[in-house]
Amino acid sequence: MKTVIVTGSSTGIGKAVALHLSSEYNVVVNAKTDVEGGRRTAQEINERDRSAIFVQADLSMESGVSQLFDATHTAFGPAHALINNAGATRGEKFGSWSEAHWHDMLTTNLVSCALMSQAFVPQLGHQDGTIVNIASIRGIERYSRIGAAAYSAAKAGVINLTCAMARELAPQITINAISPGFVETAYIERADSSMVEDWRKAMPIERFIDPHEIAEAVAFLMSQRAMTGANVVIDGGFSMTSN
Ligand code: NAD
């Protein structure tokens with residue numbers, strides 16, 4: 001059986017992706033600090049008679065990336081697919097920006113993708129591989145969020161990194177991005193309720209996106225050898241109505 005690494009899969013989109021892919025892949029579940037959630041995701045997969053391990057590792061640094069690949073290799077051998085989903089948003093208004101904030105947003109959302117991809121490629125040997133990067137509509141020109149410039153810039157970087165790597169690594173490896181709009185995860189639960197209502201009203205499909213809908217799109221991209229360097233927007237039409 002092939003193996004997939006799903007970064008940041010203790011909750012939300014990553015968890016839905018890990019569960020969805022477990023019917024066809026051994027799954028490496030990961031989180032930075034959420035050990036309980038990460039173990040739960042792996043346990044849910046193992047209880048379905050599929051195979052998963054949980055590895056706690058901070059992927060914004062090379063030591064965490066090595067730790068994750070070492071554990072993957074020990075449990076399953078080389079990984080065949082990589083889903084760079086780990087990410088975090090923290091808003092910081094202009095004027096309050098600090099080096100620490102920019103460093104945090106860029107390493108968490110962008111550098112982690114680059115370091116994970118770089119470690120993934122050589123361990124494939126001559127086999128074909130596939131990478132899916134979870135970006136955001138906030139990374140697309142004109143849809144950045146006021147108060148979250150560093151996050152928007154990092155996700156724009158993820159979209160462009162996807163294209164740059166797709167060109168560099170074709171035809172052996174396909175690399176595509178998904179840019180979700182509002183997905184029903186803890187991110188929505190944490191947000192101010194009046195803001196959430198405004199977002200919901202701006203959704204032409206009149207609801208937020210279910211994490212399983214992102215998981216299905218990830219599986220689709222993984223199955224397509226003719227698609228590489230694409231950025232697939234899944235936002236229920238939000239970006240048509242908002243600018
Ligand atoms: P979430 O907060 O539920 O999960 C984030 C996961 O990333 C957690 O498992 C966390 O441990 C992990 N993580 C964070 N930093 C990490 C690090 N340095 N190393 C390893 N793991 C790390 O978030 P979510 O809403 O499911 O979002 C998942 C991805 O989708 C993120 O990249 C996010 O930016 C993106 N996204 C989410 C939405 C949304 O509406 N929820 C919209 C657009 C894009």
Side-chain angles (χ1 to χ4, degrees), residues 5-20 27-42 54-69 71 82-91 103-116 119 132-140 143-145 148 150-159 161-162 177-191 195-196 199-200 202-203 207-215 217-218 231-236 238-239 242:
I5 297 173
V6 186
T7 71
S9 41
S10 60
T11 54
I13 296 172
K15 178 172 184 173
V17 171
L19 292 172
H20 188 87
V27 182
V28 179
V29 175
N30 153 260
K32 179 181 171 184
T33 51
D34 182 13
V35 173
E36 202 185 319
R39 287 198 179 133
R40 203 178 312 121
T41 304
F54 167 64
V55 185
Q56 180 186 7
D58 181 349
L59 307 178
S60 60
M61 40 182 126
E62 283 173 338
S63 56
V65 170
S66 302
Q67 201 186 323
L68 184 54
F69 276 96
L82 169 63
I83 316 303
N84 284 314
N85 165 78
T89 327
R90 271 178 282 281
H103 189 264
D104 178 29
M105 285 296 92
L106 291 175
T107 55
T108 300
N109 293 292
L110 174 59
V111 176
S112 62
C113 269
L115 295 179
M116 280 297 295
V132 180
N133 294 326
I134 305 299
S136 167
I137 50 163
R138 299 310 186 186
I140 299 172
Y143 301 115
S144 59
R145 187 156 79 81
Y151 175 76
S152 301
K155 290 298 192 180
V158 171
I159 294 167
L161 172 73
T162 302
I178 292 178
S179 285
F182 296 103
V183 185
E184 198 89 54
T185 67
Y187 170 70
I188 302 276
E189 284 161 29
R190 280 192 300 262
M195 217 156 67
V196 170
W199 292 338
R200 203 189 306 270
M203 295 285 290
R207 64 172 177 84
F208 293 131
I209 294 150
D210 190 287
H212 296 101
E213 293 173 305
I214 306 295
V218 168
N231 177 35
V232 177
V233 175
I234 305 178
D235 69 347
F238 176 80
S239 55
S242 153

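Counting starts at 1 for both ligands and their atoms, following the listed order.
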Using distance alone, determine whether D34 and ligand 1 share an N or O pair under 3.5 Å. no
At under 4.0 Å between heavy atoms, what of A135 touches ligand 1? The answer is backbone
Are the side chain of T108 and the backbone N or O of A88 linked by a donor-acceptor pair below 3.5 Å? no
Given the options T162, N109, N133, N84 meets side-chain hydrogen bond (donor to acceptor under 3.5 Å, both in side chains) only with N133
Test of understanding: given a 4.0 Å heavy-atom threshold, classify the contact between S112 and ligand 1 as side chain, backbone, both, or neither. neither
Can you check whether T89 has an N/O within less than 3.5 Å of an N/O in ligand 1? no
Heavy-atom distances under 4.0 Å decide this one: backbone, side chain, both or neither, for Y187 against ligand 1? side chain
Can you find a protein heavy atom under 4.0 Å from atom 32 (O) of ligand 1? yes
Report yes if some N/O of A186 lies less than 3.5 Å from some N/O of ligand 1; otherwise report no. no
Indicate, as side chain, backbone, both or neither, the part of V183 found under 4.0 angstrom from ligand 1 when only non-hydrogen atoms are considered. both
Nitrogen or oxygen of L59 less than 3.5 angstrom from that of ligand 1: yes
Under 3.5 Å between some N or O of ligand 1 and some N or O of A88? no
Heavy-atom contacts under 4.0 Å between K155 and ligand 1: side chain, backbone, both, or neither? side chain
Starting from atom 13 (N) of ligand 1, locate the nearest protein heavy atom and write down its residue, its atom name and how far away it is, to 0.1 Å. A86 CB, 3.9 Å
Over 60° means perpendicular and under 30° means parallel, so tell me whether Y187 and W199 are parallel, tilted or perpendicular. parallel
Among all the protein's non-hydrogen atoms, which is closest to atom 11 (O) of ligand 1, and how far away is it? K32 N, 3.2 Å
Contact (N/O only, under 3.5 Å) between T108 and ligand 1: no
